[in-house]
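What follows is a short report on a single structure.
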Amino acid sequence: MAVLGAAQYGGRPSPILERRLEAALHLYRQGLAPKVAVAGGKAPGDRYSEGEVGCRYLRERGVPAEALLCEGESQNTYENLLFLKPHLSGRILLVTDAPHLPRALLLARLLGLRAEGHPVPGQYPLSYWLREALFRLWLYLGLKPLPRGNGLRNLPLNALESLGTPGKGP
């Protein structure tokens, strides 16, 4: 299972990250995944990464350290998945907000990950749904983010062929 990053403030998860972590904790306790990876780096000036804050949060709630993978360098969803990829095998469960999940699954497939999703429910503003829909459209047009926020680049012409029919939107 992989929890995608969201902000942390002074070593405490933001409300968004906390909801994702609570969802992952519930799934872990149900036995749906033997390990939990938490991704997310630091914003400029931060002392802690989202990954380390998330792992500490889960450890404090009983998840053993050997069941945790803490990724602390990624700066966006693409990097969350890219940096976790070498540590993941088989089918993975992505835990993120409902509006964010379709894009996260699309990026996972572009990276060759076999991913399923767990949408964290909530009252999300229309602007969040719209932003995510625009990001997905961007990807369907054959563009994807580069690591370290270096803009976008064209994908090879056949890169999206393996994706099949786009899933339902939000």
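Here the structure is a predicted model, which means the values were calculated and not measured.
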- Query: Taking side chain as C-beta onward, heavy atoms only, is I92 less than 4.5 Å from R114?
  - Reply: no

- If you group Ile, Leu, Val, Met, Phe, Trp and Tyr by side-chain heavy-atom gaps below 4.5 Å, do V36 and L93 land in one group? yes

- To the nearest 0.5 angstrom, please state how far the CG atom of L69 sits from the SG atom of C55. 7.0 Å

- Query: At their closest point, which heavy atom of A108 faces which heavy atom of L81, and how far apart are they?
  - Reply: N-CD1, 3.7 Å

- Do the side chain of S49 and the main chain of G41 share a donor and acceptor less than 3.5 angstrom apart? no

- Query: So which heavy atom on S14 is nearest to which on A7, and how close?
  - Reply: OG-O, 2.7 Å

- Item | Test log, rule side chain to side chain contact (heavy atoms under 4.5 Å, CB included), inputs R103 and L107 | CA-CA 6 Å; R103 177 168 61 102; L107 287 167; 4.1 Å; yes

- Would a 4.5 Å heavy-atom cut-off, applied to side chains only, mark V120 and I16 as touching? no

- Residues L113, L94; criterion side chain to side chain contact (heavy atoms under 4.5 Å, CB included); working and verdict: CA-CA 11 Å; L113 295 168; L94 298 181; over 6 Å; no

- Which pairs pass ring pair (Phe, Tyr, Trp, His ring centres under 6.0 Å) with one or both residues in residues 3-53, sequence neighbours excluded? none

- Item | Validation row: T96, R20 side chains within 4.5 angstrom (heavy atoms) | yes

- Task: Kindly give the heavy-atom pair with the smallest separation between V3 and A24, and that separation in Å.
- Result: CG2-CB, 3.4 Å

- Query: Is there side-chain contact between R56 and R59, with heavy atoms separated by less than 4.5 Å?
  - Reply: yes

- Query: Same cluster or not: are Y57 and V53 linked, directly or through other Ile, Leu, Val, Met, Phe, Trp or Tyr residues, by side-chain heavy atoms under 4.5 angstrom apart?
  - Reply: no

- Item | Heavy-atom neighbours of R91 CZ exceed 12 at 6.0 Å | yes

- Can you tell me how far CG of L139 sits from CG of L110, rounded to the nearest 0.5 angstrom? 6.5 Å

- Message: Restricting to non-hydrogen atoms, name the atom on A39 and the atom on L84 that form the minimum distance, rounded to 0.1 Å.
- Response: CB-CD1, 3.8 Å

- H118 and L27, any side-chain heavy atoms less than 4.5 Å apart: yes

- Within the distance-only criterion (no hydrogens, no angle test), does the side chain of E71 pair as donor or acceptor with the backbone N or O of E73 below 3.5 angstrom? yes

- Sorted by chain and residue number, the side-chain contact (heavy atoms from CB on, under 4.5 Å) partners of R131 (sequence neighbours excluded) come out as Y128, F135

- Task: Give the intermediate values and the outcome of side chain to side chain contact (heavy atoms under 4.5 Å, CB included) for residues V95 and L4.
- Result: CA-CA 6 Å; V95 177; L4 300 181; over 6 Å; no

- Query: Atom CG of L111 and atom CZ of F83: how far apart are they, to the nearest 0.5 Å?
  - Reply: 11.0 Å

- Task: Give the cluster check for V38 versus L32: same hydrophobic cluster or not, with ILVMFWY residues linked at side-chain heavy-atom distances below 4.5 Å.
- Result: yes

- Message: For the residue pair R136 and Y140, would you count it as a cation-pi contact if the rule is NZ or CZ under 6.0 angstrom from the ring centre and within 45 degrees of the ring axis?
- Response: no

- Query: With no hydrogens and no angle check, is any side-chain donor or acceptor of E79 less than 3.5 Å from a backbone partner on L82?
  - Reply: no

- Given side chains that start at C-beta, do those of E52 and K42 come closer than 4.5 Å, heavy atoms only? yes

- Between the side chain of K35 and the main-chain N/O of M1, is any donor-acceptor distance below 3.5 Å? no

- Query: Taking C-beta and beyond as the side chain, do E132 and P99 meet within less than 4.5 Å on heavy atoms?
  - Reply: yes

- Message: Under a 4.0 Å threshold between the charged nitrogen and the carboxylate oxygen, would R12 count as salt-bridged to E18?
- Response: no

